[in-house]
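Note on naming: letters A, B, ... go to the chains in the order of the sequence lines (proteins, then strands), and numbering restarts at 1 for each one. Quick caveat: nothing in here was measured; it's all calculated off a predicted structure.
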There are 2 protein chains.
Amino acid sequence: MAEEKLLTKREVVTEFRRREILRSAQEVFAREGFQEATMDKIAQNAGVSKGTLYLYFKNKTDLFFQAIDEKLNEFISLIHKSLEGDHPPLKKIWNVVSTQMEFFEDHKAFFKVCLNIRGGLYLEHPQEYFERLKEKYQPYFNEISQVIEQGCEQGTFCQVEPMKAAYLLAEMINSLILYRIIHETTNPVTQDEKLIYRVFLRGLLKKGAE
Amino acid sequence: MAEEKLLTKREVVTEFRRREILRSAQEVFAREGFQEATMDKIAQNAGVSKGTLYLYFKNKTDLFFQAIDEKLNEFISLIHKSLEGDHPPLKKIWNVVSTQMEFFEDHKAFFKVCLNIRGGLYLEHPQEYFERLKEKYQPYFNEISQVIEQGCEQGTFCQVEPMKAAYLLAEMINSLILYRIIHETTNPVTQDEKLIYRVFLRGLLKKGAE
DNA sequence: TACTATAATGACTATTAAGTTATTACAATG
DNA sequence: CATTGTAATAACTTAATAGTCATTATAGTA
């Protein structure tokens, strides 16, 4: 009675096509950005014709957002996992820093796309997509902000607006990823992780100074 | 003998046109971003015909970069002025934070354009323009980094790579400007300036904690 | 005022690329 | 193996816009 939901050949092909198109789109968008990436290039790269793209995706913007959606999910779920369990806030902050740093170190092209989106969203995509992405990021900022709130309550951290502090931390991490890209740094990420961790928690001031 | 270099009517008009086009371009680019801003819109907004734009500027990209150039100069020279004189590093850090925060608070549209450029540069503009802009920003990062170096030497700051610390500071400031834009915050910037100043120098950790 | 050179115009061209659709290929099914 | 409906194709349409150029207007000058 095991109602084995065997996929027909057609369903298999359909799923395979969809994946292949998404993979191709990720590649081309990451390499060329939204404008320069054309539907023709993506189709060719995927080994299908342009018309086929439109059987699977409504339009270019739709394809774009679905393409990044997956990697973004991956990132956000990594962050989520790194915050599971009952650890002290300091440990969790460290986990965020190292997880994010290492993820983008391994996905530099995707990092550029993220910058690209954020920069372009305010100006070059329909408001609707901005809202969608904002929602997408929400859990990420919420989780960091909760960690900070927890730290405040426990008396580990100073009193701050947790969400603002979360933004600060997130952008501190991004700034060093950017630094690494611009200066083509190859030294171990761990050094930069430590730097962020230290500055975010203790600041630049030397003990006893001022 | 006062060799008064009187401008002819033609020269006056020419200079006026040029200024008017730049002003219009700043406006339209800030409102719509690079892609959406068309030469027609810019021309119409400036009250000239499209052909005229090409008498004054080589092409769209050229116009774009000349349009932002001016505001960028203004910003960089403000930062420069705020670092003049013989003040202790702490005072100078404060000056950077408040100058930058307040400048972008007053020029939110321009801030968006800056994000837009940075995001798009890696992917959507010729490498040449990226290099040009990098050079443009150089003095800004150099000055901050020198302040930090000075602080290190004087024993006020911990030992860090000054340029990385400069990046950290710059992006911390940007992160809160971004926060203000996204959350449509209207509370006084001074609060946010103080937050950055404190976190950058002393971090989030409560005295005596951990 | 008349002549010349430069500035300005806007219709025009050329290109690019998103999205459509008529046609063809192919998988499922009895 | 024949029939049918769905998937895929690629040539086509459409729209947008950067950049050009022949024509017109205007400032400088004698």
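- No option in A:Y140, A:F110, A:F111 other than A:Y140 meets the ring pair (Phe, Tyr, Trp, His ring centres under 6.0 Å) test with A:F75.
- The residue B:Y56 sits close only to the backbone: its heavy atoms come under 4.0 Å of sugar-phosphate atoms, none of a base.
- Reading DNA chain C from its 5' end, the first and the last nucleotide to sit under 4.0 Å from a heavy atom of chain A are C:dA17 to C:dA28.
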For a quick check, with a 4.0 angstrom heavy-atom cut-off, what is the B/S/- contact string for nucleotides 9-25 of chain D, read 5' to 3'?
BB------SBBB-----
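- Side chains of A:N45 and A:S24: a donor-acceptor N/O pair is present below 3.5 angstrom, by distance only.
- Put simply, OG on A:S175 and CG on B:L169 are 9.5 Å apart, with the number rounded to the nearest 0.5 Å.
- Cation-pi geometry between A:K60 and A:F29 is not met: the NZ or CZ atom fails to fall both under 6.0 Å from the ring centre and inside 45° of the normal.
- Straight-line distance from the CZ atom of A:F57 to the P atom of D:dA8: 12 Å, rounded to whole Å.
- Between the side chain of A:Q26 and the main chain of A:A67, a donor-acceptor pair closer than 3.5 Å is present.
- To the nearest 0.5 Å, atoms NZ (A:K92) and CG (A:D86) are separated by 6.5 Å.
- Heavy atoms of other residues, nucleotides or ligands lying less than 6.0 angstrom from CD of A:E84 number more than 12.
- Aromatic ring pairs are classed by plane angle as parallel below 30°, tilted from 30° to 60° and perpendicular above 60°; the pair B:Y137 and B:F141 is tilted.
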